Structure formats: C-alpha cells, structure tokens
Amino acid sequence: MEKFVINGGKPLKGEVNISGAKNVALKIFVASLLTNDELIIHNVPHIRDVFLLLEVLEHLGSKVIVNEHTIRIRSNHIHKTLVPLEVGARLRTSSLVLGPLLVRYGEATIPNPGGCRIGIRPIDRHIEALRQMGATIEYHSEDGYFYAKAPSLHGTTVTFPKNTHTGTETLILAGVLAKGKTVLKNAAEEVEVDDLISCLIRMGARISRPAPRTIVIEGVEKLHGTEYSIMPDRNEEVTFAIAAAITGGDVLVHSSQRNNLVAFHDVFTKAGGIVIEEDTSITRYKAGKKLLATDVVTEPHPGFMTDWQAPWAVLMTQADGKSTIHETVFESRFSYVRQLNKMGANISFFDPKVPNPTEFYNFNWQDRVEGYHQAILITGPTKLHNAILEMEDLRAGATLVLAALKAEGESSILKVEQIDRGYEKIEERLRGLGARISRVREDFA
Ligand code: EPZ
C-alpha cells in the first residue's frame, strides 16, 4: 500500500502535458477484438485501468506489446469468451467486451459490473439494447454472470431510455459488424465516444451522427487494423486547471482542448478563474483575485461533466459565498465530502426539489439508496488544514490531493492506487509544478 505525503500552501507554477484519455484508451483496446489485424494505439496513458484491461484481453487471447505510450494489440487468436468475476469486479470497463465478442464469436460471459464507489452502475441499458439486436442474454444472480449468445446480431433502431456513455459505445462496438443498419437514438454525445468512432472509421467501420443524439452504423463484413492516437484527457485538464486556481498559481497546459471544455470554462471564469488561450492546444490557467461561489449542475455532455464535480467542490470551499453542486448523473458521488469537512470545509447535503426525479436524474431512480443525497451546499471560504485522508474513488482521490495542496501543513493520503487508476505519475507532474508531494510505502496498512 502506498500513500502521498503532501505539504500544502504553495502556489503551483509551471508547465504540464495532458496524457491520453483513459475513457477512450479502454474502449479502443476493446475495439481490437473486432479484427484479426493489429491495432497500433498511441498516446496511451500509463495508468492502472489500462494495464488491467490489457490483462483481460490477454486472458481472452489477445497479443499485447507495450512500448512506452504505444500499445500494439492483435486479437486474431481469441480462445476464451468469459471474463472472470474477480477481474470484472476490479474493472467495470471489462464488461465492454460483450458487444465485440457477441458480434464476432456469437457468445460472451461477463460479470455483472454493477456496484462501485459512485453507485450501483448497472448495465441494463446495454443489455436491453443488445437483446433488440437479437442477442439472448441471461443474468444468473447465483454466480453474478451475464450469459450472452447471438448466432448473428442484426441492426435495429435502439432508443436509450436515458443517456449512457458506455452503453452507447457497447452498441457501436456491436453494430459495426452486425447485419444491416443500427440506429441509436438518445445516444451519448460525450466527445470520448467520437474518438472511438473516429478510430473505428479508420478500421473500416461506417458510422455517422446525422442528427443530435443520433448515431447510424452500417454493418460491414470485416474491419482491418489501423494506427490511432488517442485524444487528451479532459478530466486531467480540469484537474490541473483547478490545481492552479486553488493554490493561487499559474499553470501552462499542453495538449489542451478548449473546444471540449466549454461547460467547464464557463463556470471556471464565472468563479473568477483565468483562462488564457496561448495557442491552439496550449492554455494557461491562473487564479484570479478572488474566487466567487458558483453553482453547478452535472449533466451528460455538453453539460458540466459529473467527473469534474469532486475537484470543483474543493475549489468552491475557497470561494466567497454559498455554492451548490447538484449531481444528476450518479446517485452517490459525494464520498469525498466527509474528508473535506475533516480538513475544515463547511459542506452539507440536501435534496433539491425536482418536478419529475425519475426522468430528471440520469441514474435509475429505483437504484437510489436511502441516506444518499443529490446535492451539496458549500459555504466558503474556509481555511483547510492538514489531515490523514483516504481515497475512495478516482475522482474523489484527485480532490483530496487538491485539498492537501491548498491546506497548511503536512497531509497524508492513503490508498493512492485509486488515483493511479486514472492519472499517470500524478505526484511527479505536480512536483514539476512546485508541489511538495512524495509517494511513500505504507507498510502496516
Ligand atoms: C462513463 O461511465 C465513464 N466511464 C465515467 O467516468 C463517466 O463519469 C460517465 O461515463 C459519464 O460521462 C468510462 O467511460 C469508463 P453512464 P458509464 O453509462 O458509461 C446509469 C471516470 O471517473 N446507468 O453514462 O458507466 C449509471 O449507473 C468514470 O473515469 C444505468 O442505470 O456512465 C449512471 O448513474 C466514472 N444503466 C448513469 O446511468 C445502464 O445500463 C450514467 O451512466 C447504464 C448507465
């Protein structure tokens, strides 16, 4: 077990490069199952989830070669179509092999990926849509596996009941080799989905977005290999922007993508943060004179992403006034609040009145757990002091690092493997900006 030891209170200044997007790399790896040719993928972040998924693919029979930030995958000898339970439990995204295995091999057995730190996260929307394409899928609660079979998947029109980022990707990964045309309605608009689409088109797939929230896939006989470079990670850029603002610093971000961060820049500047366009892919983030309390409501793209709300919360603890965060995508994504309050933040929970919660919230309303809340009220500014903290999930982990960088004194943050899931060498990159942070082995934990 390892922990971070952080001495806060120092403004972060300097330059940082944004890594490739975790939530694109994982799906393009899965896309390698759709062809016998080699896929060469560049700008892959060295993070735990990447290596976990590569292990899953190797378990199925893929050949993987890692060379720095380039991964070569060839899946021409797939000899297994079952993902072991313990693997699925550690990596939800492994359930995404369902579509490609079904459409290429006619069968797949995957663990129910539901249940993680930010909610029950079922895949009912994925399963229901694949059934409409001709798959028979049974869930056996006694062993926790989905057993899927499909002699041949056929195109159809699927209307998702609510937004689903990876559900949309599952159907794209199945539709590209299905017989006929698949039309997805109420499909996800996250830009990471478009990066997967671009890679699949390079592999010979026929995919288009003819209208908002609509994706049309014309099934083809075969897909071929390609070489593809992954887009930068939006969540990383947001994290470094907030790190600059909260520490009173000035950070130059390379591989920046302002056009994909409009919803973030809107609230960041409203709150007093400064965004300077230095070049097409270089953005400077600075603290303004004063941080102003600014409310956010999380939404699927093009709204303020749910992945950004935890880092945003810690920024708002330093803002002047009362601000709220209303989380509408996941049903329990405030695990960091208790720990921020332990550091001196003043955050309370509440449930906004919404006219039709079953429609309004992106999660399944019946999945709500008693005692969880959908919004927090942050009163600032409050002085944050050091503490012994523990990471519960990836984005909450980044939030605790940001809080410790702001707090006076020495903080320790345990279970840093959570942040290693999504941020490559985060402590080295923060040190490069002047942060006093070190990774220490935690023997007894
Ligand atoms: C993806 O999760 C991302 N993960 C998440 O990032 C991101 O927060 C989320 O999309 C929203 O953009 C990956 O891409 C690997 P959803 P996903 O399907 O696809 C419920 C991170 O930190 N739902 O859009 O699981 C679901 O429980 C991660 O990188 C169902 O009920 O999100 C959630 O409450 C965290 N049934 C909501 O809908 C379903 O079949 C949105 O889920 C599917 C989803």
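This one's a predicted model, so the numbers in the text were calculated from it and none came from an experiment. Counting starts at 1 for both ligands and their atoms, following the listed order. For the numbers below, each heavy atom of this structure counts, side chains included, while hydrogens, waters and symmetry mates do not.
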Handout entry: Positive for salt bridge (charged side-chain N to carboxylate O under 4.0 Å, His left out) with Glu236, one of Arg429, Lys22, Lys425
Key =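 Passing option: Arg429.
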
One residue to check: [X]. Relative to ligand 1, which of side chain, backbone, both or neither has a non-hydrogen atom less than 4.0 Å away?
X      : result
Lys22  : side chain
Asp307 : side chain
Glu192 : neither

For [X], take its heavy atoms, then give the atoms of ligand 1 lying under 4.0 Å from any of them.
X      : value
Met305 : 12 (O)
Ile123 : 39 (C), 40 (O)
Arg333 : 8 (O), 22 (O), 35 (C)
Thr93  : 15 (C)
His126 : 40 (O)
Val329 : 33 (C), 34 (O), 37 (C), 41 (C)
Arg395 : 21 (C), 22 (O), 29 (O)

Exercise for the section: Ignoring hydrogens and angles, tell me if any N or O in the side chain of Thr168 forms a donor-acceptor pair with the backbone of Ala187 under 3.5 Å. Expected result: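 No, because the side chain of Thr168 does not come within donor-acceptor range (under 3.5 Å) of the backbone of Ala187.
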
Verify whether one side chain among [X] and [Y] offers a donor that lies under 3.5 Å from an acceptor in the other.
X      : Y      : result
His373 : Asp351 : yes
Asn17  : Ser255 : yes
Arg395 : Tyr423 : yes
Thr70  : His42  : yes
Gln257 : Asn260 : yes

Exercise for the section: Enter the distance from Met316:CE to Leu340:CG here, rounded to the nearest 0.5 Å. Expected result: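 If I round to the nearest 0.5 Å, the distance is 12.5 Å.
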
Exercise for the section: Hey, could you give me the CZ/CG distance between Arg92 and Asn112, rounded to the nearest 0.5 Å? Expected result: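 CG of Asn112 is found 9.0 Å from CZ of Arg92.
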
Handout entry: Minimum side-chain heavy-atom gap Arg209-Glu189 below 4.5 Å
Key =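 SC-SC contact between Arg209 and Glu189 confirmed.
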
Selected option - heavy-atom contact closest to [atom], from [options]:
atom                    : options                : answer
atom 26 (C) of ligand 1 : Phe330, Tyr361, Trp308 : Phe330
atom 3 (C) of ligand 1  : Asn23, Asn235, Thr306  : Asn23
atom 20 (C) of ligand 1 : Arg125, His165, Lys162 : Arg125

Looking at ligand 1, is there an atom of it that comes within less than 4.0 Å of some heavy atom belonging to [X]?
X      : value
Pro122 : yes
Arg92  : yes
Glu189 : no

